[in-house]
Structures are given as C-alpha cells and as structure tokens.
Amino acid sequence: MRTRYNPQANDIIENFDRFIKDREKLQGILNTDKKICIEIGMGKGDFISNMAKLNPDNVYIGIELSPQVLALAIKKLNRFEEENGLSLKNLYFMSFDALKLLDYFSENQVDVLYLNFSDPWPKKRHTKRRLTYKDFLENYKKVLKKDGIIEFKTDNRGLFEYSLVSMQNFGMEFIDVYLDLHKTEVFNVETEYEKKFSTFGPIYKLVAKF
C-alpha cells in the first residue's frame, strides 16, 4: 500500500498504548479464554476496528508491516473511537513480517486469521511473497487452533485462483467459497479498499481450515 511519507510515523506508533512490539506483552494479552482473531496486512484498519466494535468479547490484533500505513491506522482508530464515543480495549496493533508469526504467537493460539486484499504479487518470480504461499500456510497452521479458520478476501482473480490451489495442495478444507461475495446475503464487514473498488468487479472470498 503506497502512502505519503510521514516523519512522525514512528512517534505515533510508539505513543499508541495498544501497540505491541514484544512477545511477552502479547502473550500476556493472549492469556485469556476469549476468542483470538488476527488480521495480517490490515492496511488502515477499517475492517478490524469494526470487527472489534461488533464483537467486544473477542480479542483482535491487526498486523501491518508498513510503519507509514500503521501510523495512519492509529490516527484513523483514534477518530473512529472519538466519533463513536468508545474505546476499543479489545483491539491491538503490531508491526512485523508475516513470516515471523511464530516469533510472537504460540502454537494452537489463534481462532480466526483474516487475509483481506493482500498484495497479489502477480509476477511468477514473486510467488513466494504471496500470503497464501505454502511457507505462510505452514505458519498459519501452527498458530491456529484445531478448529481455527482462515477467512480470505480479494478482488484479484489470479490471486484467488492461486490461493485455492495452494490451499488445496496443502490439504486444507474449504468451508465456503464465494465468487461474487457482494451478490450474496452473507454478513460482510468491508475494508476501506473494498468500499472503494468493489464496484469495479466481483469480490472473491473463501473460508478454510486445516
């Protein structure tokens, strides 16, 4: 995601009380019977903020690698909370590469993992960077609980087809597959990207488990 450079981004992140940068602090938060839901590549945070608002009994963790985008998400969350007169104490943000998931999360710890509109990395030489590549799936399998699920959305047909094949080859079971999500009556919380671009073509979604 491209965004304008903000020299104050790191300060915004460091001053956000729900930013987690170490495993010890994260594990303290995850030491709960509550449902644990994480979004990898949360962008500006619209989706996970709304999910946290709708489901206050769950714990939500948004992961965004780019400090510039994460700083925007924090500013947006602050406005969201102020406008709605609430404080989403069940929502936390982190910043790290998805390949390092096991550096922070323990095995069998996560209930739901969201992948929303990930970078499609369309060139063949970049296949290993796709968030549904087998190396990523291996990490997801470890951190997800036995009945944990992955929810994946994209508007990129190539990435969707690739993900179906990658997950199938990995032995995953598909619970739901939608070829045009917005033409169904399925409950759907939109991302900021989704709101802007869904008019240009179908939104694909799948729900799968290991």
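Note: hydrogens, waters and symmetry copies are ignored here, and every other heavy atom, side chains too, is used.
- Pairing each heavy atom of T154 with each of L159, the nearest pair is OG1-CD2, 3.9 Å.
- Listed for the S166 side chain is no donor-acceptor partner under 3.5 Å among the backbone atoms of Y162.
- At a threshold of 4.5 Å between non-hydrogen side-chain atoms, the residues N156 and Y204 do not count as touching.
- Between the side chains of K34 and N90, no donor N or O sits under 3.5 Å from an acceptor N or O.
- One distance of note links CD1 of I40 with CD1 of I150; it measures 8.0 Å at 0.5 Å rounding.
- At least one donor-acceptor pair under 3.5 Å links the side chain of E64 to the backbone N or O of G43.
- Between the T184 side chain and the L181 main chain, a donor and an acceptor come within less than 3.5 Å of each other.
- Judged purely by atom type and a 3.5 angstrom limit, R18 has no side-chain atom pairing as donor or acceptor with the backbone of F93.
- One side chain, Y60 or N55, offers a donor N or O that lies under 3.5 Å from an acceptor on the other.
- Counting heavy-atom neighbours within 6.0 Å of K35 NZ, excluding the residue itself, gives a total of 12 or less.
- No more than 12 heavy atoms of other residues, nucleotides or ligands sit less than 6.0 Å from atom CZ of R157.
- A ring-centre distance under 6.0 Å is found for F170 and F210.
- Taking every heavy atom of both residues into account, T32 and I36 meet most closely at CG2-CD1, 3.9 Å.
- With S106 contributing its side chain and Q109 its backbone, the two residues share no donor-acceptor pair below 3.5 Å.
- When all heavy atoms are compared, the tightest approach of E190 to H182 is OE2-CE1, 3.1 Å.
- Counting only distance, with no hydrogens or angles, the side chain of N31 and the backbone of Q27 share no donor-acceptor pair below 3.5 Å.
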Criterion side chain to side chain contact (heavy atoms under 4.5 Å, CB included) on V186 and D176, from CA distance to verdict: CA-CA 11 Å; V186 175; D176 291 301; over 6 Å; no
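- The structure places CG of N139 at 12.5 Å from OH of Y133, a figure rounded to the nearest 0.5 Å.
- With a 6.0 Å radius and a threshold of 12 heavy atoms from other residues, nucleotides or ligands, K100 has its NZ atom at or below the threshold.
- Listed here is the closest heavy atom pair of M167 and A208: SD-CB, 4.3 Å.
- The main-chain N or O of K76 is never found under 3.5 Å from a side-chain atom of E81 such that the two would form a donor-acceptor pair.
- For the pair Y140 (side chain) and L131 (backbone), a donor-acceptor distance under 3.5 Å is present.
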